[in-house]
Number of protein chains: 2
Amino acid sequence: MFFCVKNIEYSQNSCTFVVQYQLTCCCIMTVEEILHAHDLKNTGCRKYILGELLKSEAAMSENELKESYPDLFDRVTLYRTLKTLEDRGIIHRIVLNDNTVKYALNRHHHEDDKLHSHFHCEKCDEVLCLDGVTHFDAELPKGFISKEVFVVVEGLCADCIKK
Amino acid sequence: MFFCVKNIEYSQNSCTFVVQYQLTCCCIMTVEEILHAHDLKNTGCRKYILGELLKSEAAMSENELKESYPDLFDRVTLYRTLKTLEDRGIIHRIVLNDNTVKYALNRHHHEDDKLHSHFHCEKCDEVLCLDGVTHFDAELPKGFISKEVFVVVEGLCADCIKK
DNA sequence: ATTCAATTGCAACAATGATGCAATAATGTT
DNA sequence: AACATTATTGCATCATTGTTGCAATTGAAT
């Protein structure tokens with residue numbers, strides 16, 4: 001199955017991230033279309049989570065997702081839906097150094113990405129995906145190979161410095 | 001309070017890590033002496049944890065620490081002891097991308113360290129502190145400042161590649 | 001040996017991850 | 001528009017981990 005966005009053809013398997021990037025950043029597609037593109041049913045919880053994440057620039061925790069409507073969905077439903085969205089490559093989970101977890105949309109082309117870096121404000125707890133240029137080099141012990149690198153930069157965001 | 005190791009004087013507050021580094025890597029001091037240097041009582045759980053971590057090159061999880069003697073200490077005691085040792089700067093906790101936690105000795109001079117990087121073997125689950133040269137550069141949004149950077153490199157260790 | 005503060009074990013609770021199962025909802029078909 | 005089928009949801013439930021209070025115990029200074 002192929003579909004076309006902005007005159008570029010993508011197979012659904014190999015390039016959904018690019019499509020989604022155009023979606024979320026250029027607002028060409030709706031939540032429903034994202035789900036359809038990934039062969040997922042248009043259910044309430046999925047629409048809600050994607051809607052919230054699309055509205056938010058920052059990554060969101062399970063609690064932050066529940067904030068607006070605490071009892072809209074069962075805890076397990078939220079948990080399973082987040083897992084499904086993660087498995088399908090629509091969102092990713094970010095594990096912070098304090099052991100908490102946040103979720104964010106995969107707004108970019110992640111397929112070949114091996115470096116996942118995020119910023120965590122120690123004051124307001126906001127988490128952002130670092131989309132700018134990021135370099136990482138580590139000297140590994142002999143014979144070791146690296147596959148993926150996860151980085152969390154802890155610091156203060158611009159808003160919190162002002163205050 | 002000052003004390004002397006290898007003809008170099010260190011104030012206890014500012015340089016305990018250096019002392020400890022000499023300790024653990026050069027085997028000048030015992031577990032008891034480490035505890036004494038940090039003004040901590042010589043208790044069973046502390047001696048056990050430090051002993052296990054000193055024996056092990058890799059970081060250890062709570063379960064790995066309990067493996068040899070499952071019922072030697074209460075779960076809460078282990079938890080609190082790990083916290084004490086972390087608070088005193090003797091060990092550090094490593095949060096992996098799968099949400100699990102491991103602990104390792106602060107074998108190096110960590111005071112000015114802002115980059116904490118670890119290797120996690122996806123096959124055998126072993127975690128090592130990356131002591132070699134490690135560089136990290138990230139372009140942060142305008143006005144943001146970074147304080148600490150936590151890195152986890154996921155991959156395969158030499159032993160697991162051979163197999 | 002005594003004393004005092006620190007440490008430990010136990011009970012208990014919260015938060016989170018995870019699974020089974022029956023009820024319900026979403027989509028393609030008639 | 002109703003139906004059938006499969007996926008999704010809510011509920012019950014359990015495991016694991018983080019956390020605190022309190023009374024009993026232990027470490028080490030005297």
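Just so it is clear, the structure is predicted and the values come from calculations on it, not from any experiment. Chain A is the first sequence line, chain B the second, and so forth, proteins listed ahead of strands; every chain is numbered from 1.
- Distance, A:Lys83 NZ to D:dA7 P: 17 Å, rounded to whole Å.
- Within the nucleic acid shown, B:Thr84 has no heavy atom closer than 4.0 Å to any nucleic acid atom.
- The side-chain contact (heavy atoms from CB on, under 4.5 Å) search around B:Asn99 returns A:Arg93, A:Val95, A:Asn99, A:Val101, not counting sequence neighbours.
- Residue B:Arg46 is in sugar-phosphate contact alone, with no base atom involved, counting any heavy-atom pair closer than 4.0 Å across all strands shown.
- Atom OH of A:Tyr48 is separated from atom P of D:dT9 by 14 Å (rounded to the nearest Å).
- A donor N or O paired with an acceptor N or O is found under 3.5 Å between the base of D:dG18 and the side-chain atoms of B:Arg75.
- Residues A:Glu67 and A:Asn63 are not in side-chain contact: their nearest non-hydrogen atoms beyond the backbone lie 4.5 Å or more apart.
- Atoms CZ and NZ, from A:Phe73 and A:Lys66 in turn, are 10.5 Å apart once rounded to the nearest 0.5 Å.
- Atom CG in B:Leu82 sits about 12 Å away from atom P in D:dT19, given to the nearest Å.
- Every side-chain contact (heavy atoms from CB on, under 4.5 Å) that A:Thr81 has, sequence neighbours left out, goes to A:Cys45, A:Arg46, A:Ile49, A:Thr77, A:Leu85.
- Note on B:Tyr79: a side-chain N or O is less than 4.0 Å away from OP1 or OP2 of D:dT19.
- For residues 60-70 of chain A, proximity to DNA chain C is found at A:Glu62, A:Asn63, defined as any non-hydrogen atom under 4.0 angstrom from a strand atom.
- We find that B:Glu62 and B:Lys102 are not joined by a salt bridge, their nearest charged nitrogen and carboxylate oxygen being 4.0 Å or further apart.
- Taking for each of B:Cys45 and B:Val76 the nucleotide of DNA chain C with the nearest heavy atom, the 5'-most of the two is the partner of B:Cys45.
- Rounded to whole angstrom, the span from the CG atom of B:Asp74 across to the C1' atom of D:dC22 amounts to 14 Å.
- When distances are taken from the side chain of A:Lys41 to each of D:dT20, D:dC11, D:dT8, the shortest belongs to D:dT8.
- Nearer the 5' end of DNA chain D, as judged by each residue's closest nucleotide, is the contact made by B:Arg80, out of B:Arg80 and B:Thr43.
- Cluster annotation: A:Leu40 is connected to A:Leu105 through the hydrophobic network of ILVMFWY side chains, with a link wherever side-chain heavy atoms come within less than 4.5 Å.
- Across all strands shown, A:Asn42 has heavy atoms under 4.0 Å from sugar-phosphate atoms exclusively, and none from any base.
- Within 6.0 Å of the CG atom in A:Asp87, the count of heavy atoms belonging to other residues, nucleotides or ligands exceeds 12.
- You can see that DNA chain C meets the heavy atoms of chain B within a 4.0 Å-exclusive cut from C:dA5 to C:dG17, reading 5' to 3'.
- Contacts of B:Thr77 with the nucleic acid, taken as non-hydrogen atoms under 4.0 Å apart, include base atoms.
- In this structure, the side-chain contact (heavy atoms from CB on, under 4.5 Å) partners of A:Glu122, at least two apart in sequence or on a different chain, are A:Glu154, A:Leu156, B:Lys147.
- Residues passing the side-chain contact (heavy atoms from CB on, under 4.5 Å) test with B:Glu52 are B:Tyr48, B:Lys55, B:Met60, B:Leu65, B:Ser68, sequence neighbours excluded.
- One interatomic measurement links the two molecules: CG of A:Leu40 to P of D:dT6, which rounds to 18 Å at whole-angstrom precision.
- The nearest whole Å value for the distance from the NZ atom in B:Lys102 to the P atom in D:dG18 is 14 Å.
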